Amino acid sequence: MDPVTRLFGAITDRVIEQPRRVVIACLVVTALFAPGMALLEASAGSDQFTDGIEEADALDRVNERFEPAFGGDDPTTQLIQRDVNVLDRRGLLDMLATAERLDERDGLRVEEFSAPAMDVAAELDEDADTPAAARDAIERASDGEIDDAVDAAAEDPGFATLLSDDFNRESGTASASLGVVSHSFPASADTQAIQQEARTVAEEAPGDVTAFGGGIVDDEFERVIFDSLSIVVPAALAVILGLLAYAYRDPFDFVLGGIALLMTVVWTFGFTGYAGIAFSEVLIAVPVLLLAIGIDFGIHTVNRYREDRAAGAPPETAMRGALGQLVVAYSIIAGTTIIGFLANLTSSLPPLREFGLVAGLGICFTLVIFVGFLPAAKLLLDRWRAKRSLPEFGSRPLGAEDSALGRFLPKLSAISRPAPAVFLVVVLLITAGAAGYGAGVDTTFEDDDFLPPSEEPAYIDYFPGPLQPGEYTATETINFLSENFATSEDDTVTIYVERRMTSDSALRSLARAERDPPDSFVTVDGRASADSVQSAIDAYAAEDPEFEELVEESSLDDGRPNRNLDRIYAELRDSPYDDFTGEYLADDSRSTRIVYAVESDASDAEITADARRVADRYRGDATATGQIVVFQAVADTIFDSAIVSLAAALGLSAVFLVILFWLLLGSPTLGLVTLVPVTVAVATLTATMRLAGIPFNAITATILAITIGLGVDYTVHVAHRFHDEYPRGGDVDAAVVTTLRGTGGALTGTWATTALGTGVLVLAITPILGQFGLLTAASITLAYLASLIVLPPALVVWVAVVERRPGLLFVGRFLDAADVISTDEGDAPDPARTDGGTDASPGDADSGGDAFEWQTDPRPPAEDPSQKR
């Protein structure tokens, strides 16, 4: 007996002979892991995906070295005001009243407040440097004085940057304005708490003023995860538990299976908490996986045990027979699935690497629980019931011959029955076409993926109070800022240049890069529309004759200075354009940024490609960055990671399956056969995503790994059952029918439970989770159909090739076997009959290089193998 067989035998013996110890050990481990779940922390938002992205690092350096539009290093809160006219008396007083209330809150530690209202008040009273003093100045002034003050304040180019795009300088009107509150907290302060308190104060103040900032966005990022889970988890549990109740049809088995599923979640997320891995949106996929694999293992174990009990075997013998076979299938499934998920470690994105690690460990834990705890607890439970003479409920296995499911499942092979080889060729051609079509699936990444929609779905109103989600405003506010203010980065890209900006060619280099702009860049007079330090020079030169003369003396014909740059920058920093200059030129003059306007209808991919080409025109170390470029870089990385992980998962799974089927079953090529349906399912899923307009994003990028994991799960069960059944009579048809009835019945229960259970994710608040739920249900369905429709003919072709029996591939062989496929009577053929007139048997010496080395079945043989299941 080989070492692997001895190992599996030892595991089975320990579970069967010492079930009490196994159960106690598993419960102790559960108690040890449980406290780790309390250590779980949420990690939400897009920032978790930008670590290590070159463009994101460049954007961080831009934010560190240049004065941002909204304050410096200290935490800042934005005040967003909406009104008919925010520049009339009432509008100005409403903004100042809100700022004054914030200033009076000691806990907010307001250090500075800037807003158009403060600029207008300063024109009325130069000493009005606080919100309270500014309010007094506005209240004392007449309407005419206020209009004159607005007109005077508008002379400053920075005045309009905090007003909506509809600002009319002549009439002195605007429908929205921004105020910026700087707090004297360190940068590491809890901005969520600060801005939540500021929002509460703003809501109580007069007028329509809203407090907003990164802390509020982060808070909603985190809350939406748990609010979504509070909705979908109860719904998923209701569906899953209802279907499990039908699959088990026994209250004791139902409770036992539920406890085992709960243990897998506790072990996995207890470890996650101890390891300090934050619970992100991507990890929402892990409980789905654990439930899918755990439900599959549980139903198969109980179903196979019931089959042998129905044949008259005592509990220990039935469980030994079930485990003796299923532990091999489970090990193959777990090993291959773990490899598939660990392939995500090749990703450069930390959340995807963490997903692969947590999912892989979760499958390990699932294997231990459903090979150890569940069988041992099932034996103890049945012994306890026998002593008390408790009745059995629903002990028939799924897919029994006289059941509707048992009559239907064998008919799934009817499509491929006349010519299985031809059927497989057609399927592979369709798969190739689907893969080619699916390769064009879109890839996106944006903040909106993680936020709730601006309007909650109508069905939320019908949820009971405890399930009602909180109020979300971030999406609506972000949209408002994007549509009404020029401060949004939605239509700009940034080129960050690291070079000595005092060199003679520095500004001329900027001019050369603006020539002949790409199609996605906004063009003005044949040049790219850009804001840079040159913009500050031009603006100040237009107002100050002395500075204009300096610029002209220092420039060539094109008006770009190439001399005296140190002096020019020094005078800019002493001018009213100091803040504007600081946004584009670093304090040490060793780096600069140029902000280009881009066409709003251009795609992010086009804009990013063009921005990178423009960056290549600059002398020095230039990097294209900005929100569009960063998010496109993340989207590209997600897609590349998905493809690399897919290739690694399929390649490693193929090698692993060949090795395991060779070591455990003596049939290495059978491992490759099991991957055929998996490939079909993956290709079809990507084509479905493109057809439905569902892109690869931060969460749906995990769907390929899930499809491989579940696909391998289903196909290994079918292949292993066929491998177990075929040598009993040497008849391919009988083996296919028995496999489709027995294993197909268990798979049907697994498929219905997991597909419908995960499909309820469409109820999640965030659209991205709804898409994930739909795709998961689709992937489970495709894996199920492929394992029952594509794999049986592949197994027939495999037998024909390995046993050198070409007669299996032709129509005549199936016409002779029509009585086998017919399920009206449920009769099986004579197991002694062979097809095609050959006398080949599984053990023939001339059966080819991949001879069948069948494992010894530990179960007692039935009198008629074709009727045993």
Side-chain angles (χ1 to χ4, degrees), residues 44-47 49 59 68-70 76-84 86 95 115 160-167 174-180 191-192 195-196 198-199 202-203 207-225 227-228 281 442 444-458 460 469-493 522 595 597-604 607 626-632 634-635 693 695 697-698 764-771:
S46 57
D47 290 346
F49 292 89
L59 186 58
F70 299 129
T76 61
T77 300
Q78 297 178 37
L79 295 181
I80 304 170
Q81 181 184 16
R82 302 172 177 90
D83 207 334
V84 175
V86 296
M95 173 64 87
T161 61
L162 296 181
L163 291 170
S164 54
D165 294 337
D166 62 0
F167 168 56
S175 63
S177 69
L178 292 177
V180 181
T191 55
Q192 290 190 23
Q195 292 175 358
Q196 290 286 6
R199 181 161 66 175
E203 289 173 351
D208 186 2
V209 181
T210 304
F212 188 68
I216 291 174
V217 175
D218 291 342
D219 174 68
E220 294 196 9
F221 273 146
E222 295 175 6
R223 283 197 295 117
V224 74
I225 295 178
D227 280 352
S228 294
E281 289 91 343
D442 289 336
T444 64
F445 182 85
E446 51 190 12
D447 275 332
D448 290 350
D449 288 342
F450 304 91
L451 286 170
S454 55
E455 295 183 4
E456 291 183 346
I460 295 294
E471 182 180 0
Y472 296 97
T473 60
T475 303
E476 179 185 358
T477 304
I478 291 172
N479 292 340
F480 178 82
L481 290 174
S482 175
E483 294 168 1
N484 293 276
F485 290 89
T487 55
S488 171
E489 291 189 342
D490 287 350
D491 296 326
T492 63
V493 294
V522 174
V595 179
V598 294
E599 300 288 351
S600 59
D601 58 348
S603 69
D604 288 357
I607 293 171
Q627 181 172 292
I628 292 176
V629 177
V630 170
F631 282 4
Q632 183 61 40
V634 175
N697 52 41
I765 303 171
T766 52
I768 195 173
L769 285 183
Q771 292 177 351

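No experiment lies behind these values; they were computed from the predicted model shown.
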Who pairs with Gln196 by side chain to side chain contact (heavy atoms under 4.5 Å, CB included), at least two apart in sequence or on another chain?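 Partners of Gln196 by the side chain to side chain contact (heavy atoms under 4.5 Å, CB included) criterion, ordered by chain and then number, come out as Arg199, Asp219.
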Taking side chain to side chain contact (heavy atoms under 4.5 Å, CB included) as the definition, give me every residue that meets it alongside Ser603, ordered by chain and number, with sequence neighbours left out.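 Per chain and number, Ser603 pairs via side chain to side chain contact (heavy atoms under 4.5 Å, CB included) with Ala605, Glu606.
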Give a yes or no on whether the backbone of Ala211 and the side-chain of Gln195 come within a donor-acceptor separation of less than 3.5 Å.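 No, Gln195 side chain to Ala211 backbone: no donor-acceptor pair under 3.5 Å.
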Grab the two heavy atoms, one from Thr76 and one from Val180, that are nearest each other, plus how far apart they are.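 Between these two residues, the closest heavy atoms are CB-CG1, 4.2 Å.
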Give the minimum heavy-atom separation between Leu163 and Ala174, together with the two atoms involved.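 The answer is CD2-CB, 4.1 Å.
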Quick one, [X] and [Y] - any side-chain contact, counting heavy atoms below 4.5 Å?
| X | Y | result |
| --- | --- | --- |
| Asn484 | Arg82 | no |
| Met95 | Val86 | no |
| Leu481 | Leu178 | yes |
| Thr77 | Ile216 | no |
| Val522 | Glu599 | yes |
| Pro695 | Gln771 | yes |

Please enumerate all residues that pass side chain to side chain donor-acceptor pair (under 3.5 Å) together with Asp83, with sequence neighbours excluded.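 Side chain to side chain donor-acceptor pair (under 3.5 Å) check on Asp83 returns Arg90.
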Rounded at 0.5 Å granularity, tell me how far OG1 in Thr473 sits from CZ in Phe480.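 The OG1 atom of Thr473 sits 13.0 Å away from the CZ atom of Phe480.
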